[in-house]
Student: 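Dropping a structure here in structure tokens format, bear with me for questions.
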Amino acid sequence: MTQRHDERLHDRKFVRTFFTSPTAVEGEEDSAKMIKSASGLRGMQAPDVWVPDNEDATAPSMRDEGARNIIDVVAENGAEFPGEIHPRVVWHRDSPSTRYQGFERMLRIADPAEGAIEHLDGFVIPEVGGIDDWKKADEFVTIVEEEHGLEEGSIAMSVIIESGQSELAMGQLREEMGKPTNNLERLFMLVDGEVDYTKDMRAITPTGNLPPWPELRHNTSRGASAAGLIAVDGPYDDIRDVEGYRERMTANQAKGMTGIWALTPGQVVEANKSPLPPESGRWLLDDGSQQVALESDGDREVYTGERVSLDESSDGYTLRVGSDEQYLDDEELREELLDMVEYVPSMDDIVDSMEQFEEARDAGTGAIAMERAATIEINGIDVDVSNDRMWDEATYQAAMTPVTLFQDVHEHRPDQHDDLEELYGTDVVERATNVGN
């Protein structure tokens, strides 16, 4: 049977978190202390993918010891780790000697006699170049499997996009995967590495900070979608800027990039929770400069900011947004506010809408109208707004993505079941796991 290029071959449909930790720390009594600590993470602090990093995070002089540490720690603790384990080894498109070092360490780590490979899911290959370089890495992994009597294709391979060459190579994956001359079906994740990408592109910014590279993130997400892979954004190194990290994830998710690199357990928690639908729905109002959350007060949604004001007179209303002023009657005011507000649905809202559509569809109705209504309060003046959104099969399938993500997490991360039930409640969790099935 012909293999579809976009068919997913791995257990995980989504990866939220890609957490790296140094494999050997110089000057410590126990050089493996960081990966020992990481191997003990559980619940929301544990990533979907843990990457013992035997490349950039580990000094070159410590990498042989790092490979030994990976073997020892994963052999001892890997069975209990709740996520997948994908060590990163050295590689470089322009350096045969570096590629050979990576191969030798993969060969050592994957030796069944060492006891680690049964708990490993794959390897992460950095600094890849054009598509022929990806094939070299794939061939080395195939040799590792052959040398150790492992099933061909059993070791996944993920690559880090850190050059213009590798960015262009993503466009060739659909043509190359599935050819009998390679095992590129083993590919799992495409991970952006914006630091080295910036260096490769010879980019300059006035402050010296990294460019945001939205094009790279879009191209990686598109390349992953076309080839049935998972897209992961690179590290957000300002670990204290929690709000910036959240904004980055929100922007990524709108591109279809659910996963992001995490550098600390705190970032892991943020990244694990970010793509999940919120516990409670909320209304947002565009005040002309940003969207601000309205405060729920009983059956009203109250605006407490200063950029928007509303006054009532005998013949209508005066609505001010920043320096703009409009004189409106009742209907015009409702229409204007309806354009200014937006609702962020909770998990319960999403599941409820999907259940309503499924019931209507099963009864033979192809599309139904879903009403969303609220009473908006500005300066003590209440305005009722409502709109109808048509739900058809396409709307249903789009709404299914966050639920499918939740179901994937629920299936593969039983260590997070208590966290999910605490967040949503037992009833919503049960309904969310069953909807769409």
Side-chain angles (χ1 to χ4, degrees), residues 9-10 15 18-23 49-58 60 63 66-67 70 74 84-110 116-117 120-148 150 152-170 172-173 176-177 182-197 199-200 216 220 223-224 227-235 259 261:
L9 303 178
H10 304 279
V15 166
F18 178 96
F19 178 56
T20 52
S21 46
T23 60
V49 170
W50 172 40
V51 182
D53 188 352
N54 207 41
E55 195 225 12
D56 279 352
T58 301
R63 287 173 184 161
I70 292 172
V74 172
E84 295 199 0
I85 306 175
H86 295 251
R88 175 161 69 156
V89 297
V90 296
W91 186 270
H92 201 283
R93 57 194 174 275
D94 297 327
S95 174
S97 63
T98 303
R99 295 195 295 268
Y100 187 68
Q101 289 174 29
F103 166 67
E104 283 190 313
R105 289 174 186 140
M106 285 192 288
L107 198 61
R108 286 178 57 198
I109 294 167
I117 187 61
L120 292 178
D121 298 279
F123 288 102
V124 176
I125 310 297
E127 297 283 8
V128 290
I131 195 67
D132 287 343
D133 195 47
W134 298 40
K135 293 178 185 177
K136 291 173 187 173
D138 162 58
E139 181 67 14
F140 276 173
V141 178
T142 300
I143 293 171
V144 168
E145 292 168 337
E146 177 67 23
E147 183 70 20
H148 292 313
L150 304 170
E152 190 172 294
S154 62
I155 300 176
M157 183 177 89
S158 301
V159 300
I160 305 184
I161 308 301
E162 299 180 274
S163 66
Q165 294 178 48
S166 54
E167 183 181 17
L168 292 174
M170 290 189 289
Q172 300 175 264
L173 281 180
E176 295 295 333
M177 292 175 71
N182 67 64
N183 289 312
L184 286 176
E185 298 97 325
R186 73 171 76 251
L187 282 168
F188 177 44
M189 296 178 292
L190 305 179
V191 184
D192 283 342
E194 285 92 347
V195 175
D196 283 298
Y197 182 82
K199 178 183 69 176
D200 182 75
L216 173 64
T220 301
L229 309 177
I230 289 172
V232 176
D233 191 15
W261 206 306

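Start at 1 with the first residue, then count along the sequence. Side chains are part of it too, since the values below use all heavy atoms of this structure and drop only hydrogens, waters and symmetry mates.
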Student: Take the angle between the ring planes of Trp91 and Phe140 and call it parallel below 30°, perpendicular above 60°, tilted in between.
Tutor: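 Aromatic pair Trp91/Phe140 classed perpendicular.
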Student: Measuring from Ile70:CD1 to Thr23:OG1, what's the distance to the nearest 0.5 Å?
Tutor: 5.0 Å
Student: Shortest non-hydrogen contact from Ala110 to Leu150?
Tutor: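 Heavy atoms only, the tightest pair is O-CD1, 4.2 Å.
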Student: Which atoms form the tightest heavy-atom contact between Arg99 and Asp133, and what is the distance?
Tutor: CD-OD1, 3.8 Å
Student: Quick one: list whatever passes salt bridge (Lys or Arg N to Asp or Glu O under 4.0 Å) with Glu194, sequence neighbours left out.
Tutor: Arg248
Student: Taking all non-hydrogen atoms of both residues into account, name the closest pair between Val141 and Met157 and its distance.
Tutor: CG2-SD, 4.4 Å
Student: Assess whether side-chain contact (heavy atoms from CB on, under 4.5 Å) is satisfied between Glu152 and Thr142, documenting all intermediate values.
Tutor: CA-CA 6 Å; Glu152 190 172 294; Thr142 300; 4.2 Å; yes
Student: For residues Ala57 and Arg88, report the shortest heavy-atom separation together with the two atoms involved.
Tutor: N-NH2, 4.4 Å
Student: Using residues 100-107 as the side-chain source, report each donor-acceptor pair under 3.5 Å to any protein atom, sequence neighbours left out, with the distance given to one decimal.
Tutor:
| from | atom 1 | to | atom 2 | distance (Å) |
| --- | --- | --- | --- | --- |
| Arg105 | NE | Asp64 | OD1 | 3.1 |
| Arg105 | NH2 | Asp64 | OD1 | 3.1 |

Student: For a 4.5 angstrom cut-off between non-hydrogen side-chain atoms, does His86 reach Val191?
Tutor: no
Student: Out of curiosity, Asp121 CG to His10 NE2, how far, rounded to the nearest 0.5 Å?
Tutor: 10.0 Å
Student: Hey, mind stepping through Leu173 and Ile131 against side-chain contact (heavy atoms from CB on, under 4.5 Å) and telling me if it holds?
Tutor: CA-CA 8 Å; Leu173 281 180; Ile131 195 67; 3.8 Å; yes
Student: Are Ile117 and His148 close enough, and set up right, to give a side-chain contact (heavy atoms from CB on, under 4.5 Å), and what steps lead you there?
Tutor: CA-CA 10 Å; Ile117 187 61; His148 292 313; over 6 Å; no
Student: Calculate, to the nearest 0.5 Å, the distance between atoms CG and OG1 belonging to Asp53 and Thr58 respectively.
Tutor: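 Asp53 CG to Thr58 OG1: 5.5 Å, rounded to 0.5 Å.
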Student: Got a sec, which residues hit salt bridge (Lys or Arg N to Asp or Glu O under 4.0 Å) with Glu167, two or more places apart in sequence or on another chain?
Tutor: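 Expected list: none.
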Student: Who pairs with Ser95 by side chain to side chain donor-acceptor pair (under 3.5 Å), at least two apart in sequence or on another chain?
Tutor: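 So Ser95 forms a side chain to side chain donor-acceptor pair (under 3.5 Å) with Ser97, Thr98.
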Student: Would you say Glu145's side chain and Gly153's backbone share a donor-acceptor pair under 3.5 angstrom?
Tutor: yes
Student: May I ask you to test the Arg63-Val89 pair for a side-chain heavy-atom distance under 4.5 Å?
Tutor: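 No - every pair of side-chain heavy atoms lies 4.5 Å or more apart.
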Student: Could you tell me which residues satisfy side chain to side chain donor-acceptor pair (under 3.5 Å) with Asp192, sequence neighbours excluded, listed by chain and number?
Tutor: Thr220
Student: Once you round to the nearest 0.5 Å, how far does CD of Glu185 lie from CG of Asn183?
Tutor: 6.0 Å
Student: Evaluate side-chain contact (heavy atoms from CB on, under 4.5 Å) for Ile109 paired with Asn54, printing each intermediate quantity in order.
Tutor: CA-CA 11 Å; Ile109 294 167; Asn54 207 41; 5.7 Å; no
Student: I'd like to check the salt bridge (Lys or Arg N to Asp or Glu O under 4.0 Å) partners of Asp56; sequence neighbours left out, ordered by chain and number.
Tutor: none
Student: Which residues pass the salt bridge (Lys or Arg N to Asp or Glu O under 4.0 Å) test with Glu127, not counting sequence neighbours?
Tutor: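 Scan of Glu127 (salt bridge (Lys or Arg N to Asp or Glu O under 4.0 Å), adjacent residues dropped) gives Arg93.
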Student: CG/Asp196 to CD1/Ile160 distance, rounded to the nearest 0.5 angstrom?
Tutor: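 It comes to 8.5 Å.
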Student: Output all residues satisfying side chain to side chain donor-acceptor pair (under 3.5 Å) with Trp134, sequence neighbours left out; order by chain, then residue number.
Tutor: none
Student: Look only at the side chain of Arg186 and the backbone of Ile155, and say whether a donor-acceptor pair between them is shorter than 3.5 Å.
Tutor: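 The answer is yes, because a donor-acceptor pair under 3.5 Å joins these two groups.
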Student: At what distance, to the nearest 0.5 angstrom, does CG of Leu187 lie from CD1 of Ile125?
Tutor: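 Here the interatomic distance stands at 10.0 Å.
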Student: Grab the two heavy atoms, one from Gly130 and one from Ala169, that are nearest each other, plus how far apart they are.
Tutor: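 Distance-wise, the nearest heavy atoms are C-CB, 4.0 Å.
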Student: Excluding sequence neighbours, so at least two apart, what forms ring pair (Phe, Tyr, Trp, His ring centres under 6.0 Å) with Trp261?
Tutor: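 Result, ring pair (Phe, Tyr, Trp, His ring centres under 6.0 Å) vs Trp261: Phe18.
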Student: List the residues meeting side chain to side chain donor-acceptor pair (under 3.5 Å) with Lys135, not counting sequence neighbours, and say none if there are none.
Tutor: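 Counting only residues at least two positions away or on another chain, Lys135 forms a side chain to side chain donor-acceptor pair (under 3.5 Å) with Glu176.
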